[in-house]
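As the structure is a prediction and not an experimental result, all values here were calculated from the model. Note that ligands are numbered from 1 as they come in the structure, with each ligand's atoms numbered from 1 the same way.
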Amino acid sequence: MLFRTLVLKLAALKPFERTTKSRLFRPLVKRFVAGEDLETALKVGEEYAKNGYLVSMDLLGENVATREEAEQETLSYIAMAEQIAKSPHRDKINISVKLTALGMDLGDDLATDNYRRILDACKPHGIFVRADMEASPYTERTVRIIERLFPQYNNCGTVLQAYLHRTATDVQRMIGMRARVRIVKGAYLEPDTVAYQQKQKVDEMYVKDAKALLLEGNYPAIATHDSKIIAELKEFIKQERIPNERYEWQMIFGVRRDLQETLLNEGYNVRIYIPYGAAWYPYFSRRLAERPANLLFVLKSLFKK
Ligand code: FDA
């Protein structure tokens, strides 16, 4: 956790951002980002779908500062929905979106209206649109937006982060509504007043939340690359006789491809989260912070030149 904190703090510094955006890092960026435009990324998604995976497309971008940018993002998502609807693999592809990309920093009503427009574009095609969960100042606001929209749009849902103290309560709020939840450990830098700081505690809470969702949730997404947790949950699923079609595993494009394949070959539903777009830096820095080897790769390539 100390490493993660350090890298996230480093990533917020402009010189680090400038260096990371240089051509030197392109190979590593390419590992985590499926392309700069929808056409390229959708091809990647369709390739996964052809091989039996489910897919979630994510246009990278967050914290827009103007209504015009929020409008642009919304239109890009609507265009994405139209492209997915034309795909022969449309039944396997859904969408992930960040509400701050839809203008949440300018007000919850704006983000809600923009999210609603995307949901409207997706609903006739049966495309599900999940609101990713961002840093803790947005948690309650995101949960409330889902509570507002879900009665009309059963194609919306969100993400809950096991590292937050509040999450067990949010899990119950979502179970009560029958809204779909993706459970993750949590990727942002959070203070100890709101989030557990010890990996062991986060892992323990993750397993607890995931079990509650598996037992009572509506088609939960168990999103982790932690093989120990996956093994424990597989055991639980077996004991409780939970059918495979009641949930799915989710993993990130470029992370633990071996594990993705193993789960798929074992007959589970596995969805790959596929990010694309030019605004990749914040997403990429969170991926760097998750694994010391990623940063080592960056440092090594610096010294190779
Ligand atoms: P953990 O970090 O303990 O990693 C377990 C193992 O997985 C590592 O030992 C390593 O082998 C591998 N691994 C993990 N990350 C890696 C990386 N970047 N590079 C290489 N190997 C890596 N978070 C959030 O706050 N809001 C959100 O909306 C989402 N959405 C989301 C969607 C999906 C589909 C996934 C899988 C994850 C997210 N996350 C997220 C990110 C999540 O919170 C978390 O930061 C990462 O999944 C890493 O945690 P793990 O559960 O994989 O465990």
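Considering only non-hydrogen atoms, atom 31 (C) of ligand 1 lies nearest to Val184 out of Ile229, Ile222, Val184. The closest heavy-atom contact to atom 25 (O) of ligand 1, among the options Met251, Arg31, Gln161, comes from Gln161. Nearest to atom 21 (N) of ligand 1 by heavy atom, out of His225, Arg291, Arg130, is Arg291.
Regarding atom 30 (N) of ligand 1, its nearest protein heavy-atom neighbour is Arg182 NH1, 3.2 Å. Scanning the protein heavy atoms around atom 51 (O) of ligand 1, the nearest turns out to be Thr224 OG1, 2.6 Å. In this structure, atom 1 (P) of ligand 1 lies nearest to the protein heavy atom Lys185 NZ, 3.5 Å. With hydrogens left out, the protein atom closest to atom 22 (C) of ligand 1 is Val255 CG1, 3.4 Å, a heavy atom. Nearest to atom 27 (C) of ligand 1 among the protein's heavy atoms is Met133 O, 3.6 Å. Of the protein's non-hydrogen atoms, Glu290 OE2, 2.6 Å is the one closest to atom 45 (O) of ligand 1.
Both tests pass for Arg287 against the ring of Tyr283: distance under 6.0 Å to the centre and angle within 45° of the axis. The side-chain tip of Lys185 does not point at the ring of Tyr163 from less than 6.0 angstrom away and within 45° of straight on.
Of all atoms in ligand 1, numbered sequentially from 1 with element shown, those under 4.0 Å from a heavy atom of Val159 are 27 (C), 28 (O).
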Item checked: Test log, rule side chain to side chain donor-acceptor pair (under 3.5 Å), inputs Arg182 and Ser96 -> CA-CA 11 Å; Arg182 172 198 299 149; Ser96 293; 3.0 Å; yes
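By the 4.0 Å heavy-atom criterion, Lys199 is counted among the residues contacting ligand 1.
Polar contact with ligand 1: absent for Asp203 (N/O pair, distance under 3.5 Å). At under 3.5 Å, not a single nitrogen or oxygen of Gln250, backbone or side chain, sits near a nitrogen or oxygen of ligand 1. Of the N or O atoms in Tyr188, none lie within a sub-3.5 Å distance of an N or O in ligand 1. Between Gly186 and ligand 1, at least one N/O pair is under 3.5 Å apart.
At least one donor-acceptor pair closer than 3.5 Å links the side chain of Thr167 to the backbone N or O of Gln161. Side-chain atoms of Tyr48 never come within 3.5 Å of backbone atoms of Phe253 as a donor-acceptor pair (strictly under, hydrogens ignored). In this structure, the side chain of Arg130 does not engage the main chain of Gly157 through any donor-acceptor pair within 3.5 Å. Remark: the backbone N or O of Ala70 is not paired with any side-chain donor or acceptor of Glu73 at under 3.5 angstrom. Distance alone, capped at 3.5 Å, is enough to place a donor-acceptor pair between the Arg4 side chain and the Ala187 backbone.
For the pair Asn63 and Thr100, the tightest heavy-atom approach, listed with the atom from each and the gap, is N-OG1, 2.8 Å.
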